[in-house]
Amino acid sequence: MISKNTIDQVYETARLEEVIGDFVQLKKSGSNFKGLSPFTDERSPSFMVSPVKQIWKDFSSGKGGNVVAFLMEHEHFTYPEAIKYLAKKYNIEVEETEQSNEDKEHANERESMYLVSEFAQTHFKQMLWESELGKAIGLSYFKERGFTDETIKKFELGYCLDQWDGFTTAALDKGYKLDYLEKTGLTIVKEDPNNPNSSRKFDRFKGRVMFPIHSLSGRVLGFGGRILTNDKKAAKYLNSPESDIYHKSKVLYGIYNAKQSIAKEDNCYLVEGYTDVIQFYQRGIHNVVSSSGTALTSEQIRLVNRLTKNITVLFDGDDAGLRASLRGIDIILEQGMNVRVCTFPQGEDPDSFAKNNELEDIVSYLEKNSKDFIQFKASLLVKEASNDPIKRADTVRDIVNSIAKIPDRIKKEIYIQECAQIMNISEAVLFNTLAQIGKKETADVQKQQKEEQRAFEVVRNEEEREKVDVQYVLERKIIESLMLYGTHKEEFEDLVLKENESGDLILEPESMQIKVYEKIYLDLQEDEIELANEDFRKMYTKLIEALNEEEEFSITNFVNGLDQEMANQISSILMEEERYKLDNWESKEIYPKKKEIGVAQLVSETILTLRCYLIKKRMGALQKTTEQSNDDNREALEEIMNYIQLNKLLNQKLNRVLS
């Protein structure tokens, strides 16, 4: 267990915008920050971060909460892991008691797989630096590649001894379960043909140098292993298999070490292999990642897109490398990224080029030889087409196909103009070709728009509008008012029901200065109103207690003290106002008010409107009862008449507030 003192210190020290900024590229938007959702595929920013309230909200996925909630959602951390991550980031010493064996057994499956992977990383590093075979084989190999001790330690490289089950035996001896060793792919388990009741266990990476693959936050997801012998039957590179924590299509090698530099430089270099990344990093170019030898995917590009809109693809000078670059370009363009391509001289790759050149020379080469994708693709394809008109036409069509992938219409037009100049062909022809390519896509978009329009019309239908939970919206507004203005002292002007000399009910003005939470509490108590929504009811109770007990109420501290589900809902209430704006609800006798009208007026109107709504609801129920009953239900009719009069008086109050 982590001590409360440590947890409090973490919450006080951690800055939400700094932590999220490690994972998402944030831009200032008024007093908040805005960025692309890290949970969904989107091109328009809908992810909001509030430094003042220290909460975040993702409109596209509906998730939200505080700094710990973000790490739990994004990195799948447990609560203790998130606290430890923040403590490490802000150099806070963690006070905790040692986990018992029983606690370890209760760790969830994903966490167990993470723990096994972290043990493997430690074990492989230990074998590299401390075992005689590791130093003689593994460390020697890395030194031959030109890697320094500092670089080897930075990327936590290791070595798996050339033994059938050396690692597996070490892990089992430490108490790690075979089930998780197998699920992470570190151990291969096969049935023993000589003994059906037992199994044989093998190390997947035996005799290989190890490259741990980290998540954006630095957790070990899997491994890449390179064989050092000339065994033609064995693959040169071997990756961990797919698992609950490792998905090749969603991971980029080196992203953990590169993320801050990518955001700072506003550009990402994309290479092909592990050693390409390491060699570039060692030379001084840190904003570099690798697809780890797998085909580039849209998920990998979106990972970069969170940090920058600019990507430069670096490929070998051979034909295979150039062809690979063409396939990756279209995927990058589809994500709305700005892409450039740079190839190295024949026979060179990023690894060898970085190893054989100084930093200044590498930077200069990249600046001079990085081409816009149109220039690169055109020069490559035109060379192949030569003087063949058919191939030339195919080349033009191929380039326009790439341009068609770009979501931004302005960029499309600019690239068409550039392509027309390079290929010496009229813009009209290219625009016509673009239109033909996009014809099916346009038809699909129009179909989708029609479906959305029909859905919108259904929602606007009066029958559907009656399903809107008005009480939910008003109760939500009460919670919001308590959160934002609970401790504000306001002048509330009210119209109080009194009897005149003739015995008639009249409204007389009366004003009082009290805190907002006191006003809300007293009004709801007076009318014996209990919030209908169970979640709001719990929030209301907690808020009233906190506001009553704390002299200086802090939204941040309040949210930090809630469980994840309630913290998420509070974040939604505070940051999702636009989604819940009332649309022409005057027809339902709901009169929304903006904050600019004044806190007192906003609070008074919200409570009065809720009272009117509950009265109308009660009247409707009574009318239904009298209609269904054959008896002379005079009491119910009299109650309805009283409610009608009360509703009329309350609406006079509303008019007074509105004036």
Side-chain angles (χ1 to χ4, degrees), residues 20-21 23-29 33-49 58-61 74 216 249-252 255 258-259 262-270 287-289 291 295-315 324-342 370-378 398-419 430-431 433-435 437-442 444-446 448-449 452:
I20 294 181
F23 303 91
V24 182
Q25 186 180 22
L26 298 174
K27 291 186 177 179
K28 193 74 173 168
S29 177
F33 288 91
K34 186 184 286 189
L36 292 172
S37 166
F39 303 107
T40 62
D41 177 16
E42 68 175 13
R43 296 192 178 110
S44 298
S46 68
F47 183 84
M48 298 293 295
V49 176
D58 179 25
F59 293 119
S60 58
S61 68
H74 190 270
L216 201 62
S249 64
K250 298 179 181 178
V251 176
L252 285 167
I255 190 72
K259 61 187 179 184
I262 290 172
K264 182 180 178 182
E265 301 293 334
D266 197 20
N267 182 44
C268 176
Y269 290 112
L270 177 66
N287 53 325
V288 57
V289 298
S291 58
L296 198 61
T297 66
S298 56
E299 288 94 341
Q300 290 171 330
I301 298 305
R302 285 200 290 272
L303 200 59
V304 176
N305 201 2
R306 297 180 194 172
L307 304 168
T308 180
K309 300 292 289 184
N310 305 302
I311 192 164
T312 304
V313 186
L314 308 182
F315 280 98
S325 69
L326 291 183
R327 288 192 295 272
I329 283 175
D330 288 353
I331 295 172
I332 299 170
L333 291 172
E334 283 177 345
Q335 298 302 315
M337 300 279 283
N338 305 315
V339 57
R340 298 181 70 82
V341 182
C342 180
S370 294
K371 296 180 180 178
D372 180 271
F373 91 92
I374 286 287
Q375 295 172 333
F376 170 75
K377 196 164 188 177
D398 195 344
I399 294 172
V400 177
N401 261 316
S402 290
I403 295 173
K405 305 286 185 185
I406 302 171
D408 189 295
R409 292 179 64 182
I410 295 175
K411 284 184 181 178
K412 275 184 184 179
E413 183 162 344
I414 291 171
Y415 279 127
I416 285 290
Q417 292 169 354
E418 189 175 341
C419 182
L430 295 183
F431 277 117
T433 306
L434 184 66
I437 293 171
K439 191 173 181 181
K440 185 179 182 303
E441 182 183 344
T442 303
D444 291 342
V445 170
Q446 289 175 344
Q448 184 181 351
Q449 287 176 340
E452 289 175 354

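The shown structure was predicted, so the numbers you read here are calculated from the model rather than taken from an experiment.
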(message) The criterion is side-chain contact (heavy atoms from CB on, under 4.5 Å); which residues satisfy it with Leu296, sequence neighbours excluded?
(response) Leu270, Ser291, Gln300, Ile301, Ile332
(message) If I compare all heavy atoms of Val304 with all of Met337, which pair ends up nearest, and what's the gap?
(response) CG1-CE, 3.9 Å
(request) First locate atom CD of Gln375, then atom CD of Glu418, and finally report the distance between them rounded to the nearest 0.5 Å. (result) 5.0 Å
(request) Evaluate the criterion side-chain contact (heavy atoms from CB on, under 4.5 Å) for residue pair Asp372 and Tyr415; output intermediate values, then yes/no. (result) CA-CA 10 Å; Asp372 180 271; Tyr415 279 127; 3.2 Å; yes
(message) If we count only N and O atoms by modelled type, under 3.5 Å, do the side chains of Ser249 and Thr297 hold a donor and an acceptor together?
(response) no
(message) Please report the interatomic distance CG(Leu36) to OG(Ser44), rounded to the nearest 0.5 Å.
(response) 8.0 Å
(request) Please report the closest heavy-atom contact between Ile403 and Cys419, naming both atoms and the distance. (result) CD1-CB, 4.3 Å
(request) State which residues pass side-chain contact (heavy atoms from CB on, under 4.5 Å) with Leu303; sequence neighbours excluded, sorted by chain then number. (result) Leu252, Ile255, Arg306
(message) Would you call the rings of Phe39 and Phe47 parallel, tilted or perpendicular, taking 30° and 60° as the class edges?
(response) tilted
(request) Examine distances only and state if a side-chain atom of Asp58 and a backbone atom of Ser37 form a donor-acceptor pair shorter than 3.5 Å. (result) no
(request) Grab the two heavy atoms, one from Gln335 and one from Asn305, that are nearest each other, plus how far apart they are. (result) O-ND2, 3.5 Å
(message) Less than 4.5 Å apart, side chain to side chain, heavy atoms only: is that true for Ile262 and Gln25?
(response) no
(request) Return the minimal non-hydrogen interatomic distance between Ala404 and Ile437, and the atom names on each side. (result) CB-CG2, 3.9 Å
(request) Can you establish whether the number of heavy atoms outside Lys28 located under 6.0 Å from its atom NZ is more than 12? (result) yes
(request) Decide if atom NZ of Lys309 counts as having more than 12 heavy atoms of other residues, nucleotides or ligands within a radius under 6.0 Å. (result) yes
(request) Check Leu333 against Ser402 and note the closest heavy-atom contact, atom names and distance. (result) CD1-O, 3.5 Å
(message) With rounding to the nearest 0.5 angstrom, report the NZ to OG1 distance, Lys259 to Thr308.
(response) 16.0 Å
(request) State the CD1-CD1 distance between Ile374 and Ile399, to the nearest 0.5 angstrom. (result) 6.0 Å
(message) To the closest 0.5 Å, what do you measure between CG (Leu430) and NZ (Lys412)?
(response) 14.0 Å
(request) Identify the heavy atoms of Cys342 and Ser370 that sit nearest to each other, and give their distance. (result) CB-OG, 3.6 Å
(request) May I ask you to check whether Asn338 and Lys411 show a side-chain donor-acceptor distance below 3.5 Å? (result) yes
(request) Find out whether Arg340 and Phe376 are in side-chain contact, i.e. whether some heavy atom of one side chain is under 4.5 Å from a heavy atom of the other. (result) no
(message) I want to check something: taking the side chain as every heavy atom from C-beta on, are Cys268 and Leu307 in contact at a cut-off of under 4.5 Å?
(response) no
